[in-house]
Amino acid sequence: MSLKCWVYSAWYRFLILHMDTKRMQNRWGIEGEESQEEESLEHYRYAKKVSYCVNQICDKTTWESKCLVRALTAQKLLKKKKIASTLYLGCRLEEGKMVAHAWIRCGRMYVTGGSGEGYAVVDKFRS
């Protein structure tokens, strides 16, 4: 899983830098919808592994791997195993500046980016 995580994080960073956001959003899932609130124990176990792997790998990449790269990487790894998730995009004001954030939820578990507490959800995508 580590190699896939590294490759996906590089790919998503490249797309963020070189592709129009609207075109990218078409790949993120069904806009405005959320995945179910419950998952199987097996899916939670895999999501926990994904969370650990994404954070370990993205902490060490030579490119910038912030919340959106991590969220998209986790979403892709979950989707490959046919595990539903929701990608959330949010924002808030910090010291007078707008700050954006992205996070992934699988069932009741937040896989990357925390729970998004303090951020207003701007959009969500079910995969």
Side-chain angles (χ1 to χ4, degrees):
M1 180 186 314
S2 295
L3 181 59
K4 285 182 183 179
C5 183
W6 186 85
V7 170
Y8 292 147
S9 66
W11 176 246
Y12 287 119
R13 181 61 184 155
F14 175 82
L15 290 179
I16 288 168
L17 290 173
H18 300 288
M19 188 182 244
D20 177 44
T21 306
K22 273 295 181 197
R23 276 187 57 203
M24 281 181 50
Q25 284 180 347
N26 294 334
R27 302 171 182 206
W28 294 350
I30 301 169
E31 188 172 6
E33 292 189 14
E34 293 186 81
S35 57
Q36 66 273 10
E37 289 283 325
E38 286 298 327
E39 275 296 344
S40 69
L41 185 57
E42 181 182 327
H43 286 179
Y44 281 129
R45 285 185 181 136
Y46 187 76
K48 187 173 182 177
K49 288 178 185 177
V50 166
S51 176
Y52 179 79
C53 186
V54 167
N55 287 316
Q56 289 295 306
I57 297 297
C58 288
D59 281 347
K60 295 173 178 75
T61 59
T62 55
W63 54 88
E64 192 174 86
S65 296
K66 290 188 177 178
C67 58
L68 185 57
V69 169
R70 291 172 191 237
L72 293 171
T73 300
Q75 181 190 49
K76 181 71 169 183
L77 291 168
L78 291 169
K79 193 173 183 178
K80 285 276 190 187
K81 292 285 187 178
K82 297 184 181 359
I83 301 173
S85 65
T86 304
L87 166 67
Y88 294 95
L89 303 175
C91 63
R92 73 176 177 197
L93 277 177
E94 279 183 14
E95 299 174 12
K97 293 182 181 178
M98 188 66 70
V99 177
H101 187 50
W103 63 100
I104 288 280
R105 180 185 59 79
C106 173
R108 294 180 186 257
M109 178 184 175
Y110 291 97
V111 181
T112 65
S115 66
E117 187 176 331
Y119 289 89
V121 174
V122 175
D123 212 346
K124 53 191 166 191
F125 299 85
R126 177 177 56 91
S127 73

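Nothing here was measured: the structure is a model prediction, and the numbers come from that model.
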Exercise for the section: Identify whether Ile57 and Ile16 are in the same connected component of the hydrophobic contact network (ILVMFWY, side-chain heavy atoms under 4.5 Å). Expected result: no
Exercise for the section: Of all the heavy-atom pairs spanning Met24 and Leu72, show the shortest one and how long it is. Expected result: CE-CD1, 4.2 Å
Handout entry: Test side chain to side chain contact (heavy atoms under 4.5 Å, CB included) applied to Glu38 - qualifying residues, sequence neighbours left out
Key = Tyr44, Arg108
Exercise for the section: Check side chain to side chain contact (heavy atoms under 4.5 Å, CB included) between Val99 and all other residues, then give those that pass, not counting sequence neighbours. Expected result: Glu94, Tyr119
Problem - Check: Ser9 side chain, Cys5 main-chain N or O, donor-acceptor pair, under 3.5 Å - result: yes
Problem - Single-linkage hydrophobic cluster, 4.5 Å side-chain cutoff, Met1 and Val7 together - result: no
Problem - Side chain proximity check, Ile83 to Tyr46, heavy atoms < 4.5 angstrom - result: yes
Exercise for the section: Sorted by first residue and then second, give each ring pair (Phe, Tyr, Trp, His ring centres under 6.0 Å) pair with at least one member in residues 52-75; sequence neighbours left out. Expected result: Trp6-Trp63
Problem - ILVMFWY network linking Phe125 to Val121, side-chain heavy atoms under 4.5 angstrom - result: no
Practice task
Return the set of residues passing side-chain hydrogen bond (donor to acceptor under 3.5 Å, both in side chains) with Lys97 (not counting sequence neighbours), or none when no residue passes.
Solution key: none
Exercise for the section: Check side chain to side chain contact (heavy atoms under 4.5 Å, CB included) between Lys66 and all other residues, then give those that pass, not counting sequence neighbours. Expected result: Glu64
Handout entry: Side-chain touch Val50/Ile104, heavy atoms, less than 4.5 angstrom
Key = no
Exercise for the section: Please say whether more than 12 non-hydrogen atoms of neighbouring residues, nucleotides or ligands are located less than 6.0 Å from CD in Glu117. Expected result: no
Problem - Heavy-atom check, side chain of Tyr8 versus side chain of Leu77, under 4.5 Å - result: yes
Practice task
With sequence neighbours excluded, give me every side-chain hydrogen bond (donor to acceptor under 3.5 Å, both in side chains) pair touching residues 69-90.
Solution key: Glu34-Tyr88, Ser35-Thr86, Asn55-Arg70, Asp59-Arg70, Ser85-Ser127, Thr86-Arg105, Tyr88-Arg105
Practice task
Determine which pairs satisfy salt bridge (Lys or Arg N to Asp or Glu O under 4.0 Å) with at least one residue from residues 49-58, sequence neighbours left out, and list them in order.
Solution key: none
Problem - For Arg126, side-chain hydrogen bond (donor to acceptor under 3.5 Å, both in side chains) partners two or more places apart - result: Glu33
Exercise for the section: With sequence neighbours excluded, tell me which residues meet side-chain hydrogen bond (donor to acceptor under 3.5 Å, both in side chains) with Glu31. Expected result: none
Fill in the blank from the handout: Sorted by chain and number, sequence neighbours left out, side chain to side chain contact (heavy atoms under 4.5 Å, CB included) with Cys67 holds for His101, Ala102
Practice task
Using the test side-chain hydrogen bond (donor to acceptor under 3.5 Å, both in side chains), find all partners of His43 that sit at least two apart in sequence or belong to another chain.
Solution key: Glu39
Exercise for the section: For residues Ala47 and Val111, report the shortest heavy-atom separation together with the two atoms involved. Expected result: O-CG1, 3.8 Å
Exercise for the section: Provide the full list of side-chain hydrogen bond (donor to acceptor under 3.5 Å, both in side chains) pairs with a residue in residues 14-23, sequence neighbours left out, each pair given once. Expected result: Lys22-Gln25
